[in-house]
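Labels below follow one simple rule: chain letters A, B, ... track the order of the sequence lines, proteins then strands, and each chain is numbered from 1.
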Amino acid sequence: MPEGHLIHHIARRHRAGLAGHEIAVSSPQRRFAAEAATIDGQHLDEVDAYGKHLFHRFGRWVVHVHLGQQGTFLWFPSPAPDPRPQVRLRLAAETGAADLIAPSICRLGPRRLRDAIVASLGPDPLREDADVELVRARFASDRRPIGAVLLDQSVLAGVGNVIRTEALFLDGLDPSMPAAALDRPRFDRLWATLTRIMERSAVDGRIVTADGVGRDARFVYKRETCRRCGASVECPIVGGRRMYRCPKEQPAWVSPSHETC
DNA sequence: ATAATATGGTGAT
DNA sequence: TCACCCTATTATC
């Protein structure tokens, strides 16, 4: 669930349903109670997504949320039911209520907190202000496997395990290929693929690569056989996380130095 | 119905 | 290196 597409999906929902209103802020679970009291009743100025980070700005304050692996934001149009006891943060207006559950980060800070977080992140393909040239330059000087670089949030913000896996499949790239070995046309195509997957997934609220349900909604992620050609899918660990590769659709990268002789 | 799993990143050890 | 967060989704019975 929580890759960058979902954060943008949530931001769009909250922008439409909560921004511009005075918000009743509470913490049924109590772990955010003091902070909630500080901003309770204040005007929500804007909601912003950057990579996997979410920011709600209330005047000089900003609420910073990272969903981690299990975190989720539920949305209830009015009349919203009573929040379950596990709800860390509820943001409620006359239009509806958003309940935050099981985040890895939920904290209140000054506005500059957002700037500090953003400064640690690479460009986000889902943002208009994304600097593609900067990402291309970072790739060109990075000899780590491309599968690992795609997960590095300081290079590129918002891509997670499913999106990196499916994007590399769609572009026929071996995850273990060094990022620096990617030529310009293939980099540009990969950027376009990432942007397309993420934008469509941000609209739908779930990752969409292939048409289908469950595992059949993906080409290789969590599959035993390739959805396109039926070949047996490999499961290498790249960048510390398990990923999936079709050996036929994603032929092994061979170092140019070994080709000549 | 019930159970296994992880589409992260942090902070403790 | 590991525990944590305690969810929705998916698979299985």
Side-chain angles (χ1 to χ4, degrees), chain A residues 1-11 13 27-32 49-55 64-76 81 83-90 97-109 113 116-122 124-126 147-170 175 193-194 196-210 212-225 227 233 235-245:
Chain A
M1 296 163 227
E3 293 190 33
H5 70 287
L6 190 59
I7 308 307
H8 282 266
H9 181 79
I10 292 166
R13 162 91 74 191
S27 178
Q29 183 210 43
R30 307 302 294 170
R31 272 182 70 173
F32 197 64
Y50 206 112
K52 297 169 185 171
H53 297 260
L54 193 55
F55 303 95
H64 170 219
V65 167
H66 191 293
L67 294 180
Q69 192 158 34
Q70 296 153 252
T72 190
F73 245 122
L74 306 177
W75 173 256
F76 302 101
R84 64 184 79 172
Q86 294 87 349
V87 171
R88 181 83 61 91
L89 166 68
R90 165 167 280 204
D99 286 352
L100 173 65
I101 298 163
S104 67
I105 294 174
C106 175
R107 57 180 173 175
L108 181 66
L113 173 62
I117 300 294
V118 169
S120 71
L121 299 171
D124 176 350
L126 282 179
V149 174
L150 284 173
L151 282 189
D152 186 339
Q153 302 296 299
S154 70
V155 174
L156 184 77
V159 174
N161 204 16
V162 178
I163 291 173
R164 73 156 173 170
T165 298
E166 295 287 292
L168 289 176
F169 170 86
L170 286 168
T193 298
L194 289 169
R196 188 177 71 249
I197 292 174
M198 294 174 78
E199 182 53 44
R200 183 176 170 191
S201 301
V203 171
D204 289 10
R206 69 187 190 97
I207 295 172
V208 179
T209 54
V213 179
R215 280 181 188 148
D216 281 342
R218 282 111 196 207
F219 286 104
V220 286
Y221 184 83
K222 249 183 189 174
R223 290 179 58 94
E224 292 187 0
T225 58
R227 189 180 188 280
V233 169
C235 310
I237 303 293
V238 183
R241 315 266 310 270
R242 177 179 308 283
M243 67 181 302
Y244 304 82
R245 164 186 173 239

**Asked** For the base of C/dC6, is there a side-chain donor-acceptor partner from A/Q70 under 3.5 Å away?
**Response** yes
**Asked** Picking from C/dA8, B/dT7, C/dC5, which would you name as closest to the side chain of A/T72?
**Response** C/dA8
**Asked** Taking only residues two or more places apart in sequence, or in another chain, which ones meet A/D152 in a salt bridge (charged side-chain N to carboxylate O under 4.0 Å, His left out)?
**Response** A/R144
**Request:** Can you tell me, in whole Å, how much space there is between the P of C/dC13 and that of B/dA4?
**Result:** 11 Å
**Fill in**
Whole-Å distance, A/I207 CD1 to C/dT10 C1', equals 15 Å
**Request:** Report the distance from atom OG1 of A/T165 to atom CG of A/L150, rounding to the nearest 0.5 Å.
**Result:** 9.5 Å
**Message:** Between C/dT10 and B/dT7, how many Å separate the two P atoms, rounded to a whole number?
**Reply:** 14 Å
**Prompt:** Can you check the A/I117 CD1 to B/dG9 C1' distance for me, whole Å?
**Reply:** 11 Å
**Asked** Which nucleotide, C/dA8, B/dG9, C/dC6, lies nearest any side-chain atom of A/K52?
**Response** B/dG9
**Asked** Out of A/L156, A/N161, A/V162, which residue meets the side-chain contact (heavy atoms from CB on, under 4.5 Å) rule with A/V159?
**Response** A/L156
**Item:** Residue A/L74, side-chain atoms from C-beta onward, closest of C/dA8, B/dG9, C/dC5
**Value:** C/dA8
**Asked** Whole Å only: how far is the CG atom of A/L54 from the P atom of B/dG9?
**Response** 14 Å
**Request:** Would you indicate what A/R242 reaches in the nucleic acid, counting non-hydrogen atoms under 4.0 angstrom: base, sugar-phosphate, or nothing?
**Result:** nothing
**Item:** For atom OH of A/Y221 and atom P of C/dT9, their distance in whole Å
**Value:** 15 Å
**Prompt:** Are any of the side-chain heavy atoms of A/I117 and A/H66 separated by less than 4.5 Å?
**Reply:** no
**Prompt:** What nucleotide among B/dG9, C/dA8, B/dA6 has an atom nearest to a side-chain atom of A/H66?
**Reply:** B/dG9
**Request:** Write down the distance between CG (A/L151) and P (B/dA6), rounded to a whole number of angstrom.
**Result:** 15 Å
**Between P of B/dT10 and NE2 of A/H53, the distance in whole Å** = 7 Å
**Request:** Would you please confirm or rule out a distance under 4.0 Å between OP1 or OP2 of C/dC5 and any side-chain N or O of A/Q29?
**Result:** no
**Prompt:** Within less than 4.0 Å of OP1 or OP2 of C/dT10, is there a side-chain N or O belonging to A/K222?
**Reply:** no
**Request:** Please determine if a side-chain N or O atom of A/R218 lies less than 4.0 Å away from the OP1 or OP2 oxygen of C/dT9.
**Result:** no
**Prompt:** Which part of the nucleic acid, if any, lies within reach of A/G68 when heavy atoms closer than 4.0 Å are counted: base, sugar-phosphate only, or nothing?
**Reply:** base
**Prompt:** If you measure from NE2 on A/H53 to CG on A/L113, what distance do you get to the nearest 0.5 Å?
**Reply:** 10.5 Å
Solution key, residues 236-243 of chain A side-chain donor-acceptor pairs under 3.5 Å, sequence neighbours excluded:
none

**Message:** If I take atom CG in residue A/D99 and atom P in nucleotide C/dC6, what distance separates them, rounded to the nearest angstrom?
**Reply:** 13 Å
**Asked** Taking only side-chain nitrogens and oxygens of A/Q86, does any of them come within less than 4.0 Å of OP1 or OP2 of C/dT7?
**Response** yes
**Message:** Taking only the P atom of each, what is the distance from C/dC5 to B/dT13 in whole angstrom?
**Reply:** 14 Å
**Message:** Rounded to whole Å, how long is the line connecting atom NE2 of A/H64 with atom C1' of B/dT10?
**Reply:** 11 Å
**Asked** Does A/R241 place a side-chain N or O at less than 4.0 Å from the phosphate oxygens OP1/OP2 of B/dT7?
**Response** yes
**Request:** For the side chain of A/Q153, starting at C-beta, report the closest nucleotide among B/dT7, C/dT7, B/dG9.
**Result:** B/dG9
